[in-house]
Structure formats: structure tokens, C-alpha cells
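Below is one structure, written out as C-alpha cells; the observations come after it.
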Amino acid sequence: MAEYEYDLFVIGAGSGGVRAARMSAQYGGRVAVAEHQALGGTCVNVGCVPKKLFVYASEFSHAFSDSAGFGWQNATANFHWPTLRENKNREIERLNAIYKNLLETPGVDIVEGRAVIVDPHTVAVNGREYSCRDILICTGGYPYVPEFPGSEYVINSNDAFFLDELPSSIVVVGGGYIGVEFAGIFNGLGVKTHLVYRGDLFLKAFDQDLRTHLAEEMTKQGVHVHFNEDIESIKKTEQGFDLSLKSGDSLQTGLVMYATGRKPNTHDLGLENTKVSCDSRGYVQVNDALQTAEPSIYALGDVIGRVELTPVAIKEGMALAGNLFKGESNTIDYNNIPTAVFSQPNLGTVGLTEAEARASYDDILIYRSEFRPMKATLSGGSERALMKIIVDASTDKVIGCHMLGDGAGEIIQGLAVAIKCGATKADFDATVGIHPTAAEEFVTMR
Ligand code: NDP
């Protein structure tokens with residue numbers, strides 16, 4: 001009889017946990033995964049997937065107004081929130097079932113319930129103990145809302161996906177991915193939208209030019225953007241909420257949403273029964289092999305707080321499964337990870353920002369193109385797209401590509417391959433464009 005019931009017990013069936021579990025099982029491991037909520041984790045249930053569906057929904061309003069110049073008449077429509085919400089829920093349920101199948105097909109046992117680590121080789125779920133050679137913590141994170149007078153009235157991004165009704169106005173707080181994306185969603189769905197951010201300019205990890213440009217574009221689309229501003233208190237009124245702002249101003253609104261970052265799910269996990277350590281922000285600390293200070297316990301995904309993106313958690317899950325069950329020694333390359341903010345317009349980026357490049361290279365070249373997208377010529381829209389290429393002058397290597405404009409996420413994904421391969425500006429120049437596209441601008445910038 002085997003010493004342990006399982007070779008690997010995964011806690012959390014989000015993107016990273018599911019990938020690690022099913023690959024480990026495919027490689028011959030005896031694997032269980034515990035989940036106390038819906039399969040698929042944040043990305044599938046209250047993150048990337050439903051968010052993107054909401055972005056699609058909200059983009060129709062721009063298409064309706066653009067269509068008049070192309071000959072469409074009376075192309076306005078009434079938006080029905082319950083239809084979107086219920087269709088989205090159905091799609092998520094379909095994906096939950098697919099995740100179940102993905103786990104069960106290679107033979108992963110799904111344990112429904114909240115897991116607690118009892119000792120370095122034992123996990124308990126619903127009072128039953130499971131012995132395991134290794135444990136993998138993939139518990140992700142949860143939305144963080146600071147405490148202040150009236151903070152009990154605000155919703156977070158999890159709540160935003162299930163609203164009973166759409167408010168006529170909303171104040172979104174936070175200048176990260178979630179705040180910016182949801183401000184665009186609500187605005188596109190016809191909600192009067194304010195975005196409040198405590199700093200000078202939102203999306204502080206991104207290229208300055210794109211951040212400035214996005215603030216202008218969102219303002220043109222009708223989002224009321226407030227920088228260097230914060231909420232001090234919220235009072236409930238008959239009509240909604242009355243907000244007192246740091247500047248002394250006040251705002252009245254139907255709903256307040258906080259998108260002020262996320263925190264790792266490490267509470268009540270039994271970490272005190274192990275040598276696992278967390279950093280000052282509460283994230284589980286791991287080495288290059290994703291191993292914690294307790295040799296039989298590993299962690300990956302949002303709970304380790306390295307790069308909180310689904311595709312990164314998936315890469316980590318693949319790497320770990322190979323290490324544990326195929327004798328590989330994979331490590332993760334966290335350089336040149338492409339990412340997109342599904343703002344309206346989209347912001348896509350890979351590699352270094354101009355400021356980062358200036359700080360690490362002696363001599364850089366910046367290629368920049370700002371233009372009116374072709375569609376705007378007939379729609380009469382005032383939007384402008386922006387693209388930047390950043391080049392190390394000494395090697396001609398492209399070290400950053402940035403785009404703000406329709407389809408930026410799709411376009412930057414392709415360029416990320418080129419950057420990963422070490423493409424030079426000469427390689428970009430030697431590439432033939434696809435005409436007429438916005439993307440061809442990346443191979444014609446001189
Ligand atoms: P972020 O950490 O990206 O942004 C949080 C924002 O809230 C920042 O602007 C921050 O300000 C502000 N903030 C933090 N604390 C306070 C406070 N006490 N009062 C006022 N403002 C505050 O978090 P998000 O919640 O937007 O997203 C979490 C993560 O999820 C992202 O980092 C990303 O990794 C991932 N994600 C990825 C998406 C994608 O790939 N498209 C989409 C959504 C999320 P400051 O800048 O001053 O610190």
C-alpha cells in the first residue's frame with residue numbers, strides 16, 4: 001500500500017490549480033483538488049471571463065453611435081441588464097462543467113469543501129483527512145476594500161457581476177486594471193460613471209504616454225475622471241449615496257464600487273501548522289521551484305503575488321507538474337509578459353515602458369505613432385490610437401511595444417512572440433504589413 005493516499009493535493013481549483021492538477025494526473029500522479037466555491041476560480045467566475053463578456057456588451061453602444069456615418073439609421077437600442085447578467089451566468093455554468101470534465105478525465109478527484117492544512121502531509125476537508133506526499137496552495141485572492149466611514153455600503157468587483165439592477169450612476173474607486181475596466185463597462189452600458197483615483201494618473205505600472213492618452217479617451221467617451229481624489233466618507237440617502245471627497249467636494253451617486261486591489265487568500269488555511277512563510281503583504285513565499293519553506297508544500301498563482309494574471313498561473317501550474325512528475329527543473333521566466341487592460345479603447349503592452357527602458361539602458365530609441373483610426377473617418381468619432389516601440393539603440397533590439405486602440409490586446413499578443421524571440425527593429429521593418437489595419441503601423445514606423 002502506498003505511503004500516502006495522494007501524490008499531490010491541490011487546494012483551490014482556479015486557473016493555476018486546475019492546470020497543475022490535471023497535468024500532474026496526466027503525468028501519472030494520484031491527484032485531488034479541493035474547492036469550496038465554483039470550479040474555475042476568479043478568472044472564470046468573477047474575473048477575466050465575465051468581465052470580457054461585459055466589455056463586449058458595453059462596446060455595442062459605441063458601435064451604435066458610430067454606425068450612423070456608415071448609413072445605419074435609428075441604430076439605438078434599449079439595454080436590458082438582466083438579459084446580459086443571466087446569459088453571462090449561463091455561460092459561466094457551462095465553463096464550470098467544462099472545468100469539472102477537464103479534471104475528471106485525467107482522473108483528478110474533486111473534493112468539495114474548504115481545505116485546511118493539518119500538517120505538511122495532511123489536508124482536512126469537511127472533517128475528513130487526506131494524506132498526501134505534496135500539497136499545492138492555489139487559493140488566489142479576494143477584493144480588498146479599505147475601511148472608512150460608510151465603507152459598508154460599497155460593492156466590490158465580485159458583487160458587480162451579479163447586480164440586481166444597473167444603477168443610473170456609479171462611482172468606481174481605484175486606478176488599477178479593475179477600476180479602469182469597470183468604469184468603461186458601466187459607461188458603455190449607459191450608467192453615468194465617475195472614476196476616482198488617489199494618484200496623479202491611473203495605471204501606474206504602464207507607459208506614461210498611454211496612461212495620459214487613455215485618460216483623454218475615457219473622458220471623451222463620457223467617463224468623469226477624478227485624479228488626486230479619494231472618498232472620505234459615504235452616507236446613505238433616499239436616492240442613493242452621498243460621498244464626501246478628500247478635496248472637500250461631494251458627489252451623489254446610485255452605487256459605489258471599490259477596485260482597490262486584491263489580497264491573498266491565506267486565512268484559516270492552517271499555515272500555522274507548517275513552516276510556510278508569508279511576506280509583509282501576506283503573499284505565500286516560494287523559491288524559483290514554487291516551493292515554500294515547508295519542502296512538501298508548493299504555491300502558485302495570485303496567492304504568491306508575483307504576477308497576478310491567469311496565463312502566468314497556468315504557466316506556473318504546467319511548470320510545477322513537470323517538476324513533480326516528470327523530473328523536470330522548470331523555472332518561470334517572468335520577463336516580457338504581455339498584458340492588456342480591457343479598457344475602452346484597449347491598452348496592450350509587452351516589455352519595458354519608456355521610463356523603465358531609460359532607467360536600464362544608456363541609449364534608447366522611441367518610435368511613436370498617433371493616428372485617427374480608419375473607422376473614425378466615416379463615424380466622425382474623435383478617438384485616436386497610439387502606438388510606441390522602444391528599442392535598445394546599441395543592439396537594435398525591440399524592448400517594448402505599447403498600444404492604445406481597438407484590438408490592442410490581440411495585436412500585442414503577436415508582437416510578444418517577436419519580442420520573446422529577440423526581434424530587432426530591422427526585423428520589424430523587414431516585415432510586410434497587412435493593409436489596411438492599425439497593426440501594420442507597428443512595421444511601418446520610421
Ligand atoms: P491593482 O493593484 O491593479 O490596482 C489597485 C488600485 O487601487 C490602484 O490604483 C491603487 O492605487 C488603488 N488603491 C489601493 N488601495 C487604495 C486605498 N486604500 N484607497 C484608494 N485607492 C487605493 O488592483 P485591481 O484590483 O485593479 O486588480 C488586481 C489585479 O488583478 C491586477 O493587478 C491584475 O494583476 C489582475 N487583473 C488583470 C486583468 C487583466 O489582465 N486585464 C483585469 C483585472 C485584474 P495606487 O496605484 O496609488 O497604489
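Atoms within each ligand, like the ligands themselves, are counted from 1 in listed order. Computed from heavy atoms alone, side chains included, the values below leave out hydrogens, waters and symmetry copies. Everything numeric in this text was worked out from a predicted model, so none of it was measured.
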In ligand 1, the atoms that come under 4.0 Å of a heavy atom of Gly175 are 6 (C), 8 (C), 9 (O)
Note the single closest protein heavy atom to atom 5 (C) of ligand 1, along with its residue, its atom name and the distance in Å.
Gly261 N, 3.4 Å
Which residue and non-hydrogen atom of the protein lie closest to atom 26 (O) of ligand 1, and at what distance in Å?
Ile178 N, 2.9 Å
Among all protein non-hydrogen atoms, which one is nearest to atom 18 (N) of ligand 1, and what is the separation to 0.1 Å?
Pro146 CG, 3.5 Å
the protein heavy atom lying closest to atom 46 (O) of ligand 1 turns out to be Tyr197 OH, 2.7 Å
Among all protein heavy atoms, pick out the one at the shortest distance from atom 4 (O) of ligand 1; state its residue, atom name and that distance to 0.1 Å.
Gly176 CA, 3.3 Å
Will you find, in the side chains of Asp427 and Thr424, an N or O donor that is under 3.5 Å from an N or O acceptor?
yes
Is the shortest N/O to N/O distance between Phe342 and ligand 1 below 3.5 Å?
no
Polar atom proximity, Val341 to ligand 1 (N or O, under 3.5 Å):
no
Parallel, tilted or perpendicular for Phe227 and Phe202, by the 30°/60° rule?
perpendicular
Are Lys100 and Glu104 within salt-bridge range, i.e. N to O under 4.0 Å?
yes
For Gly199, state whether at least one heavy atom is located under 4.0 Å from any atom of ligand 1.
no
Electrostatic pair Asp333-Lys420, nearest N-O below 4.0 angstrom:
yes
Residue set satisfying salt bridge (Lys or Arg N to Asp or Glu O under 4.0 Å) with Asp406, at least two apart, ordered chain then number -> none
Is the terminal nitrogen or CZ of Lys88 (NZ for Lys, CZ for Arg) located under 6.0 angstrom from the six-membered ring centre of Phe162 and within 45° of that ring's axis?
yes
Atoms in ligand 1 flagged as close to Lys51, the criterion being non-hydrogen separation under 4.0 Å:
41 (N), 42 (C)
For Glu410, is the CD atom crowded, meaning more than 12 foreign heavy atoms sit under 6.0 Å from it?
no
Does only the side chain of Glu308 get under 4.0 Å from ligand 1, or the backbone, or both, or neither? Count heavy atoms.
both
Side chain, backbone, both or neither: which part of Leu309 has a heavy atom under 4.0 Å from ligand 1?
side chain
What protein heavy atom lies closest to atom 29 (C) of ligand 1? Include the residue and the distance to one decimal.
Arg262 CD, 4.3 Å
Here the ring-ring contact (aromatic ring centres under 6.0 Å, His included) pairs for residues 250-289, sequence neighbours left out, are Tyr142-His267, Phe148-Tyr258
Looking at CE of Met387 and CE of Met445, how far apart are the two atoms once the value is rounded to the nearest 0.5 Å?
6.0 Å
Counting only heavy atoms closer than 4.0 Å, does ligand 1 sit against the backbone of Cys48, its side chain, both, or neither?
neither
Restricting to heavy atoms, the pick from Arg198, Lys204, Glu147, Glu181 nearest atom 20 (C) of ligand 1 would be Arg198
As a check for students: among Ile231, Asp302, Thr260, Asn346, identify the option with a heavy atom nearest to atom 21 (N) of ligand 1.
Thr260
May I ask you to identify the nearest protein heavy atom to atom 41 (N) of ligand 1, giving residue, atom name and distance to one decimal place in Å?
Ala340 O, 2.8 Å
Protein heavy-atom partner closest to atom 31 (C) of ligand 1 - residue, atom, separation in Å
Tyr177 CD1, 3.6 Å
Between the side chains of Glu181 and Lys51, is the shortest nitrogen-to-carboxylate-oxygen separation below 4.0 Å, so that they form an ion pair?
yes
Set out, in order, the CA-CA distance, both residues' side-chain angles and the distance that settles ring pair (Phe, Tyr, Trp, His ring centres under 6.0 Å) for Phe342 and Phe54, then state yes or no.
CA-CA 10 Å; Phe342 293 97; Phe54 282 10; over 10 Å; no
